[in-house]
Amino acid sequence: MRIVPEDPPVTYDDVVTMDKIVSLCKRRGFVFPSSEIYGGLGSSYDYGHYGVLLKNNIRTQWWRAMLQERDDIVALDSAIIQHPETWRASGHLAGFTDPLVDCRTCKLRFRADHIDQSACGRKPSKHPGETPECDLTEARDFNLMFQTTVGPVQEEGSTVYLRPETAQGIFLNFKNYLQFSRKRPPFGIAQIGKSFRNEITTGNFIFRMREFEQMEMEFFVPPDDAAKWHQHWLAERMKWWTELGLRPDHLRLRPHEADELSHYSSATSDVEYLFPIGWSELEGIANRGDFDLTQHAKFSGQKLEYVDTATGDRYVPHVIEPAAGVDRALLAFIVDAYDEDEIEGERRTVLRLHPILSPVKVAVLPLVRKDGQPELATEVYRDLRERVQAEYDEGGAIGRRYRRQDEIGTPWAVTIDHQSLEDRTVTVRDRDSLSQVRVAIEDLGEEIELRLRQPWRTPKLGNG
Ligand code: GAP
């Protein structure tokens, strides 16, 4: 496991840039700027067909690791709008703020702690405050929660907030889970869902958005075991990212400095990925102590504690929280998978995604659109799509159809040719090795499913 600061720095020598990723995502229907026909809306994005499929696969793998591969975690899907007291108790109303400065000259607003990364509105080569015309206000705190009102009239007491994290819904349900799930600490509650933050520093594509999706799990443990479970989850989560293909030398764990810790945390480490914008947070893994349950007990007047019926012992569990972003995960997987190479003198772009994450697992392509090939290819396609996400494509030169599938990361392309009609075999082309093997049509479904179950290692790591 890589841990900073002992590790040597990794230099960014990839062919990938953020511009190439943005362009591929739009061209191939992964991600579009939101409201584009109206000129777009800052830091909002829409996911296209392949983006939806890829996101689904990421969520499925997270649920699999949380629910299917263990028996100490249960699932939840809580409301986005919760009782407003939630945010008073959690500390978000008072403390979920960024310090902002306004420029009275160019009318732009900047995060006070990001001035050295921001561009002056009139002279983008300078930072705000560096030109004689700049006229900055003092820093003021700005709450990042979006407000709205419930009910038909706007009156006192009707203000509510769009949740800025999914975690609080889990704490509000802690008591329900103790009663119905028959779990006792150590156990976890996991949730995937949208969160909202009125972020000021935006840009960098889907890395930081105002509406985004989180995968969070709150793991409730006896207080004395918290440090041990924190270590457990650091290791588990690093394993998850690497097994899904992220290169280990592009991943690291960075413990927070004392002055970086959130108000609720006694220890947090970020899983960071080496994005084209530099090392940045993919996931935070925090030891939240008993902060949240204690606060909600205080504000709600309810007892939020575990009572051991055998011994009579009672305690407020401590919480270990792995909290990842679905959108950042998608960005990291695409960035890590992006590659360019040359086939027979022609440049190709290819997404070397772990096959389990690939939006489409197999493409079925008749070599020509005649001689019975489309009919046989359709039969093969109908059979495969019963098992996996498959795609049929008969339009255009075969080389161009391969390129299209390479760009969306499809690991295998099945080609139907004249021989297929004679002996009911097809060729299976591998996206990465480009090898082509002949397989009997009757074995094809099983062959693809077998390949999907194989452990996978990105070819970007070479043979070493
Ligand atoms: N409950 C703890 C929590 O919310 P966080 O570090 O603020 O912690 C967890 O968020 C993860 O959510 C981050 O590691 C990141 O992947 C994702 N995330 C946070 N803010 C985001 C934003 N504005 N846009 C996209 N993803 C974001």
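In each ligand, atom 1 is the first atom listed, and ligand 1 is the first ligand listed.
Counting the atoms of ligand 1 from 1 in the order shown, those under 4.0 Å from a heavy atom of R288 are 1 (N), 2 (C). For ligand 1, the atoms sitting less than 4.0 Å from at least one non-hydrogen atom of G284 are 14 (O), numbered in the order shown with element in parentheses. When each atom of ligand 1 is checked for a heavy atom of E165 under 4.0 Å away, the hits are 1 (N), 2 (C), 3 (C), 4 (O). The atoms of ligand 1 that sit less than 4.0 Å from any heavy atom of F207 are 24 (N), 25 (C), 26 (N).
Note: an N/O pair closer than 3.5 Å links E199 and ligand 1 by distance alone. Here's the thing with I206: none of its N/O atoms is less than 3.5 angstrom from an N/O atom of ligand 1. Taking any N or O of P164, backbone or side chain, none lies under 3.5 Å from an N or O belonging to ligand 1. Looking at ligand 1, you won't find any N or O of R208 less than 3.5 Å from one of its N or O atoms.
No side-chain donor from either of S90 and Q168 sits under 3.5 Å from a side-chain acceptor of the other. There is no side-chain donor-acceptor pair under 3.5 Å between D290 and Y315. For the residue pair S78 and Q191, a side-chain donor N or O sits within less than 3.5 Å of a side-chain acceptor on the partner. In the model, Q61 has no side-chain atom that pairs as donor or acceptor with a side-chain atom of E243 under 3.5 Å. With hydrogens and angles left out, the side-chain atoms of D336 and Y273 include a donor and acceptor closer than 3.5 Å.
In terms of protein heavy-atom proximity, atom 1 (N) of ligand 1 is nearest to E216 OE2, 2.4 Å. Ranking the protein heavy atoms by distance from atom 17 (C) of ligand 1 puts G325 CA, 3.7 Å first. Nearest protein neighbour of atom 10 (O) of ligand 1, counting heavy atoms only, is Q214 NE2, 3.2 Å. Closest to atom 16 (O) of ligand 1, if we only count protein heavy atoms, is L282 O, 2.8 Å. For atom 15 (C) of ligand 1, the nearest protein heavy atom (residue, atom name, distance) is R328 NH1, 3.5 Å. For atom 11 (C) of ligand 1, the closest non-hydrogen atom of the protein is A323 O, 3.5 Å. Among all non-hydrogen protein atoms, the one lying nearest atom 18 (N) of ligand 1 is F212 CE1, 3.6 Å.
Checked options F275, W241, Y338; the residue passing with F333 is W241 (criterion: ring-ring contact (aromatic ring centres under 6.0 Å, His included)). With R352 as the fixed residue, the side-chain hydrogen bond (donor to acceptor under 3.5 Å, both in side chains) test singles out one of D406, D339, T458: D339. Tested against E213 for a side-chain hydrogen bond (donor to acceptor under 3.5 Å, both in side chains), the candidates R59, R328, K194 yield a single pass: R59.
Salt bridge absent: E216 and R163 never bring a charged side-chain N and a carboxylate O closer than 4.0 Å. Using a 4.0 Å cut-off between charged nitrogen and carboxylate oxygen, R404 and E407 do not count as a salt-bridge pair. Taking the charged nitrogens against the carboxylate oxygens, R247 and D249 have no contact shorter than 4.0 Å, which rules out a salt bridge.
Within the structure, ligand 1 lacks D327 among the residues with a heavy atom less than 4.0 angstrom away. At least one heavy atom of Y264 sits closer than 4.0 Å to an atom of ligand 1. For E218, the closest heavy-atom approach to ligand 1 does not fall below 4.0 Å.
Considering only non-hydrogen atoms, atom 23 (N) of ligand 1 lies nearest to M209 out of E283, E281, M209, M215. Proximity annotation for atom 5 (P) of ligand 1: of E213, E321, R197, R197 comes nearest, heavy atoms only.
A ring-centre distance under 6.0 Å is not found for Y306 and F220.
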